[in-house]
There are 2 protein chains.
Amino acid sequence: MAQELTQTGGYNAFSFNHIAERVGIKKPSVIHHYPTKEALGKAVVQRYRETFEAALQSIACDSDKTAFQAFEFYCTPYTDFGASNDKVCLCGALAGEFMALPDDVKKEVKQFFEDHILWLEGILKRGKKAGEFSFKEKPNILAKLILDSLQGALIVKRATGDGDQVHQIIAALKSRLIGN
Amino acid sequence: MAQELTQTGGYNAFSFNHIAERVGIKKPSVIHHYPTKEALGKAVVQRYRETFEAALQSIACDSDKTAFQAFEFYCTPYTDFGASNDKVCLCGALAGEFMALPDDVKKEVKQFFEDHILWLEGILKRGKKAGEFSFKEKPNILAKLILDSLQGALIVKRATGDGDQVHQIIAALKSRLIGN
DNA sequence: GTCTATACAAAGATAGAC
DNA sequence: GTCTATCTTTGTATAGAC
């Protein structure tokens, strides 16, 4: 509930009251579960990050999957967000107002991005070693380029309303990985 | 003043009072110039967009400059934002909280992105025709990829604190344009 | 766990004096 | 153009009953 509101309008656009209305209880009942907005914000990002990362870990450790399949799996949430017309990645939304976030929320967002870069870097190395991928950049830099492109694609796409944009960016990234 | 506050914390993180304090006047004096927050927000984004676009137009029409030089010129504001540790592109910040923005502000942000994609597309076409650039994607799609990468790089970089990231992304984009 | 009631601060906005 | 004073709403948060 808080996650949806944050994905659409950011951290400063939601309140205990908004959550309460959606859940069907009153404001103090929400506060009973999360004593401050910072605690609520942290919990939401933390859950988002951990859910995401558990899925990434399981696919990274699955030796049945090729690096390319792992990359395709990574792209599915971005495709889903891109298919909606009001949602972006939770951390992409929060990053726009980063300096206005409480410290605990900042830390979660930071860790989210860092973990994703590390994961992508691992997949890129694996794919290059296996001969699936061919690229000349350092894996770390290409990982950043992929993450930045996808995050950027989501927020720009939502503003322009260009429904194809996310697909196009993913296709361009894929062809860069296998082609060159 | 409002621009700086918005670049760091987004639309919902600044108020008439914040502006007033920075400028050294009182809240109602600010409201005298911009009767509503929506009007202030619109004026700020509009000025940002028009300043940006005037510079882009002048370089695009300058036949002394190569397409590659025009692209380098395009990247300079991103480099500057990347060199700060708290600022991103104004429209990148606003895009994160897009669904919580007033309509007039939304329109300005949308137009900003659309104009940039068009401008980049023009430069890409010119560079390919002149033999400066070699790429196989459609210019429109590569233009989106460039904009998305740069916008994404700024917001991710600010969250992670990775000072080199924006430079690395720009270098990777350049080598993609001329190399391949 | 959920509620009513309430405190307190901040935000957007207006009226009217100087 | 700028100010003081004021209004209204909203937001975070607490106290205490059920």
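Just so it is clear: chains get the letters A, B, ... in the order the sequence lines come, proteins before strands, and each one is counted from 1. Given the structure is predicted, the values throughout are model-derived calculations rather than measurements.
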K.L.:
Output yes when at least one side-chain N/O atom of B:K26 is less than 4.0 Å from OP1 or OP2 of D:dC3, else no.
P.N.:
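False: B:K26 side-chain N/O out of range (4.0 Å or more) of D:dC3 OP1/OP2.
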K.L.:
Between D:dG11 and A:H18, is there an OP1 or OP2 to side-chain N/O distance shorter than 4.0 Å?
P.N.:
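For D:dG11, OP1 or OP2 has a side-chain N or O of A:H18 closer than 4.0 Å.
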K.L.:
Whether A:H33 contacts C:dT2 is assessed here as follows: a side-chain N or O lying under 4.0 Å from the phosphate OP1 or OP2. Is that the case?
P.N.:
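Yes.
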K.L.:
Assess the side chains of B:D104 and B:Q46: does a donor N or O sit below 3.5 Å from an acceptor N or O?
P.N.:
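Their side chains do not contain a donor-acceptor pair, so the 3.5 Å distance test is not met.
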K.L.:
Let me know the distance between CG of B:N12 and P of D:dT12, rounded to the nearest Å.
P.N.:
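Rounding to the nearest Å, CG of B:N12 and P of D:dT12 are 12 Å apart.
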K.L.:
Below 4.0 angstrom, N of the basic side chain to O of the carboxylate: do A:K174 and A:E72 qualify?
P.N.:
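Yes, A:K174 and A:E72 are salt-bridged.
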K.L.:
Quick one: B:N17 CG to C:dA10 P, roughly how many Å, whole number?
P.N.:
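About 9 Å, once rounded to whole Å.
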K.L.:
Starting from P on D:dT10, measure out to NZ on A:K37 and report it in whole angstrom.
P.N.:
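Roughly 15 Å, once rounded to whole Å.
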K.L.:
Report which part of the nucleic acid A:Y34 touches: base, sugar-phosphate, or nothing (heavy-atom distance under 4.0 Å, all strands).
P.N.:
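Nothing, no heavy atom under 4.0 Å.
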K.L.:
Spell out, as yes or no, whether a donor-acceptor pair under 3.5 Å connects the side chain of B:K27 to the backbone of B:S15.
P.N.:
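No, because the side chain of B:K27 does not come within donor-acceptor range (under 3.5 Å) of the backbone of B:S15.
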K.L.:
Is it true that A:R22 and A:E4 make a salt bridge, defined as a side-chain N closer than 4.0 Å to a carboxylate O?
P.N.:
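So A:R22 pairs with A:E4 through a salt bridge.
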K.L.:
By nearest atom, which of the nucleotides D:dC3, C:dA5, C:dA13 is closest to the A:P28 side chain?
P.N.:
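Looking only at heavy atoms from C-beta outward on A:P28, the closest nucleotide is C:dA5.
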K.L.:
What is the distance from NZ of A:K27 to C1' of D:dG11, rounded to the nearest Å?
P.N.:
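A:K27 atom NZ is separated from D:dG11 atom C1' by 6 Å.
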K.L.:
Any base atoms under 4.0 Å from A:I31, or only sugar-phosphate, or nothing? Heavy atoms, all strands.
P.N.:
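Contact class for A:I31: base.
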K.L.:
Ignoring backbone atoms, establish whether B:S29 has a side-chain N or O less than 4.0 Å from OP1 or OP2 of D:dC3.
P.N.:
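B:S29 to D:dC3 OP1/OP2: side-chain N or O found under 4.0 Å.
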